[in-house]
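Have a look at the structure below before the remarks.
All values below were derived from every heavy atom in this structure, side-chain atoms included, with hydrogens, water molecules and symmetry-related copies excluded.
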Amino acid sequence: MTNVEKLTRRFETVFDRRQSSVLAETITEAYNDLVKTSDFSELKAIVKDLAESQNRLAEAQQRTEARMDELAQAQQRTETEMGKLAQAQQRTETNIAAMTRAITGMTQELGGLSRSMSYSLENESYRNLPALLKSHYGITIDEKIVRLDFDGEEINLFARGHRNGQPIYLVGESKLQLDERRNNRRAAEAILNQIDKKAAVVQRRYPDAEIVRVLLTHYARPAV
């Protein structure tokens with residue numbers, strides 16, 4: 001006997017045959033649609049797994065957030081250090097610029113001092129050179145030794161004179177020091193070439209006169 005028949009007979013004690021049958025069928029169908037106990041157990045297991053997975057995800061998210069916070073702090077420290085480095089670099093650049101200006105100023109001062117000493121050397125030589133040329137080389141200076149621009153060439157020492165009745169022209173340059181140990185050998189060669197160049201200019205103006213080249217220096221090593 002099916003459940004429907006059993007329920008129908010029980011309902012017939014209260015209801016008529018047709019009502020009892022409808023109630024029995026309705027209750028049976030509703031019961032069959034209900035989830036069985038085993039299904040509830042399986043559903044509970046699924047829900048439990050889902051809850052555990054959610055907990056693990058929450059823990060993982062918490063660890064990730066903690067790591068992100070650590071990374072943010074590390075980035076902040078890095079930015080702070082970079083800021084300090086940038087400030088240090090700026091201070092270094094400022095110091096280098098100041099040192100450069102100071103060195104430039106010293107170089108200019110030394111250059112000015114060197115020029116002043118060169119002028120002093122030339123002026124002193126102008127006073128003493130005529131007597132030296134007269135006593136050692138038989139050259140008489142007819143006019144004052146001067147500096148001048150000659151056909152576009154600047155000549156530091158120029159003078160007219162004569163020797164043995166023949167006209168001569170002094171063409172000279174000055175350099176404070178000629179010392180091969182200080183890499184001045186090339187400078188000495190360069191200044192000699194300059195004198196030759198300036199002498200050639202004067203020679204073109206006075207082709208029949210003797211050009212006497214003069215190099216003034218405060219100190220020159222014998223090797224130079």
Do D69 and Q73 pass the side chain to side chain donor-acceptor pair (under 3.5 Å) test, and can you show the C-alpha distance, the side-chain angles, and the key distance before you say yes or no? CA-CA 6 Å; D69 184 61; Q73 294 178 5; 3.0 Å; yes
Looking at R91, is its backbone amide N or carbonyl O close enough to the side chain of N95 to form a donor-acceptor pair, meaning the two atoms are under 3.5 Å apart?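 Looks like yes, one N/O pair under 3.5 Å.
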Donor-acceptor contact present, side-chain S21 to main-chain R17, <3.5 Å: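 It does not hold such a pair.
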Test item: [X] and [Y] side chains (from C-beta on) under 4.5 Å apart, heavy atoms:
X: D149; Y: I155; value: no
X: L157; Y: Y126; value: yes
X: L170; Y: I141; value: yes

Apply the test side-chain contact (heavy atoms from CB on, under 4.5 Å) to residues V214 and V171: give CA-CA distance (whole Å), side-chain angles for both, the deciding distance (0.1 Å), then the verdict. CA-CA 6 Å; V214 179; V171 176; over 6 Å; no
Show the numbers, then the answer: is there a side-chain contact (heavy atoms from CB on, under 4.5 Å) between V212 and R163? CA-CA 11 Å; V212 177; R163 177 167 55 187; 4.2 Å; yes
More than 12 heavy atoms of other residues, nucleotides or ligands under 6.0 Å from CD of E143: is that the case?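 For E143, atom CD is crowded (more than 12 foreign heavy atoms under 6.0 Å).
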Is it true that atom OH of Y137 has more than 12 heavy atoms of other residues, nucleotides or ligands lying nearer than 6.0 Å?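 Open: at most 12 neighbouring heavy atoms sit under 6.0 Å from OH of Y137.
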Tell me the closest heavy-atom pair linking K198 and E154, and the distance in Å.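 Scanning both residues completely, I find the closest heavy atoms to be NZ-O, 2.6 Å.
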Suppose the criterion is ring-ring contact (aromatic ring centres under 6.0 Å, His included): which pairs have a residue in residues 192-214, not counting sequence neighbours?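 Only Y169-Y206 qualify under ring-ring contact (aromatic ring centres under 6.0 Å, His included).
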Between E70 and R67 (salt bridge meaning N to carboxylate O under 4.0 Å), is one present in this structure?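 Yes, this pair counts.
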